[in-house]
Peer 1: 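So that we are looking at the same thing, I have put the structure below in structure tokens.
The structure presented is a predicted model; accordingly, all values stated were derived computationally and were not measured. All values below were derived from every heavy atom in this structure, side-chain atoms included, with hydrogens, water molecules and symmetry-related copies excluded. Whatever order the structure lists them in is the order used to number ligands and atoms, beginning at 1.
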Amino acid sequence: MSEGFTKKKKYGQNFLTSDRIPARIAAESGITPECGVLEIGPGLGVLTAQLISAAKKTVAVEIDGELIPRLEARFAGCDGLTLIHADIMDIDLKHLTEEQFSEMPVCVCANLPYYITTPILMKLFESGVKFRTITVMVQKEVAKRLCSRCGSPDYGSITAAISRYASVRKLFDVKAGSFSPPPKVDSAVVRFDLYKEPLFSPADERTYTAVLRAAFAQRRKTLLNSLGAIFPDKDALKEMIAAENLKADVRGEAVPPEKLCNIADRIYSVK
Ligand code: SAM
């Protein structure tokens, strides 16, 4: 299937070499026969084939134009698949899902290109599309981060940023040897089950993002000192932190995201 095709490092092209793992991803992703599935980066189509069998309709977005004719040849005559040659980051996901999936519940499934994992995840969650589940293969370390609890050493700004949108769990690990070429690190598949509505919504997204970034920028700093970078009035900050029943010397990574959101709202209201 990959004859004559040179895999491109710049697109994170580490392809799964057997059907076993793609079959397991599709089986554990919550996709049911009435679902539409958005796949990001079909590559040579190993996961795509499983998604087509599991779902009513599959839309696969691939950045590499050289792969499109190969995918078209592999899936010729298959009407459950729409291939789109595009960079997922350039796609209006609301428009795409309304146009392609109309009334279907929509899941996302992907073996993500590792160079762009976080931007893709944030784009999916911030799109406002009510995906049912998002099941993705990521680097094992990233999976650990995504599944960690507030206050634990692996907990980071991405974990906090996503927590209002979905619950998350690791499905299984995948060894580097399952890919061609093998990446330098092992991988894991994680599944997000999205809440009907986000658990909380900041008054201003930009201020909340700035608070999250600052809170996690230097992990040894207290929240008070970290937030000084975006809001210099220390006395007012102290009051905002105390109003959340937090100790004055609390560190950013120990603060639940909804409290960071409340602090962001207070900063926004006086800015
Ligand atoms: N799904 C295949 C598999 O499991 O073997 C390929 C996975 S490979 C890790 C990532 C795929 O995403 C590649 O096919 C790559 O060309 C594609 N890709 C990389 N960046 C992309 C982007 N910005 N938009 C869409 N596809 C992208």
Peer 1: Quick one: list whatever passes side chain to side chain donor-acceptor pair (under 3.5 Å) with Gln50, sequence neighbours left out.
Peer 2: none
Peer 1: Kindly confirm or rule out a cation-pi arrangement of Arg24 over Phe172, judged by NZ or CZ under 6.0 Å from the six-membered ring centre and within 45° of its axis?
Peer 2: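 Here Arg24 passes the 6.0 Å and 45° test against Phe172.
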Peer 1: Which residues pass the side chain to side chain donor-acceptor pair (under 3.5 Å) test with Glu205, not counting sequence neighbours?
Peer 2: Arg164
Peer 1: Show me the pairs that pass salt bridge (Lys or Arg N to Asp or Glu O under 4.0 Å) and involve residues 131-147, at least two apart or across chains.
Peer 2: Glu34-Arg132, Lys140-Asp173
Peer 1: Measuring from Glu258:CD to Phe200:CZ, what's the distance to the nearest 0.5 Å?
Peer 2: 5.5 Å
Peer 1: Would you mind writing out a table of all protein N or O atoms found under 3.5 Å from any N or O atom of ligand 1, naming both atoms and giving the distance to 0.1 Å?
Peer 2:
{"unit_1": "ligand 1", "atom_1": "1 (N)", "unit_2": "Gly41", "atom_2": "O", "d": "2.8"}
{"unit_1": "ligand 1", "atom_1": "1 (N)", "unit_2": "Pro42", "atom_2": "O", "d": "3.4"}
{"unit_1": "ligand 1", "atom_1": "4 (O)", "unit_2": "Asn111", "atom_2": "ND2", "d": "2.9"}
{"unit_1": "ligand 1", "atom_1": "5 (O)", "unit_2": "Leu16", "atom_2": "N", "d": "2.9"}
{"unit_1": "ligand 1", "atom_1": "14 (O)", "unit_2": "Gly43", "atom_2": "N", "d": "3.3"}
{"unit_1": "ligand 1", "atom_1": "14 (O)", "unit_2": "Glu62", "atom_2": "OE1", "d": "2.7"}
{"unit_1": "ligand 1", "atom_1": "16 (O)", "unit_2": "Gln13", "atom_2": "NE2", "d": "2.9"}
{"unit_1": "ligand 1", "atom_1": "16 (O)", "unit_2": "Glu62", "atom_2": "OE2", "d": "2.6"}
{"unit_1": "ligand 1", "atom_1": "20 (N)", "unit_2": "Tyr115", "atom_2": "OH", "d": "2.8"}
{"unit_1": "ligand 1", "atom_1": "23 (N)", "unit_2": "Asp87", "atom_2": "OD1", "d": "2.9"}
{"unit_1": "ligand 1", "atom_1": "24 (N)", "unit_2": "Ile88", "atom_2": "N", "d": "3.0"}
{"unit_1": "ligand 1", "atom_1": "26 (N)", "unit_2": "Ile63", "atom_2": "N", "d": "3.3"}

Peer 1: Classify the ring geometry between Phe125 and Tyr165 as parallel (under 30°), tilted (30 to 60°) or perpendicular (over 60°).
Peer 2: parallel
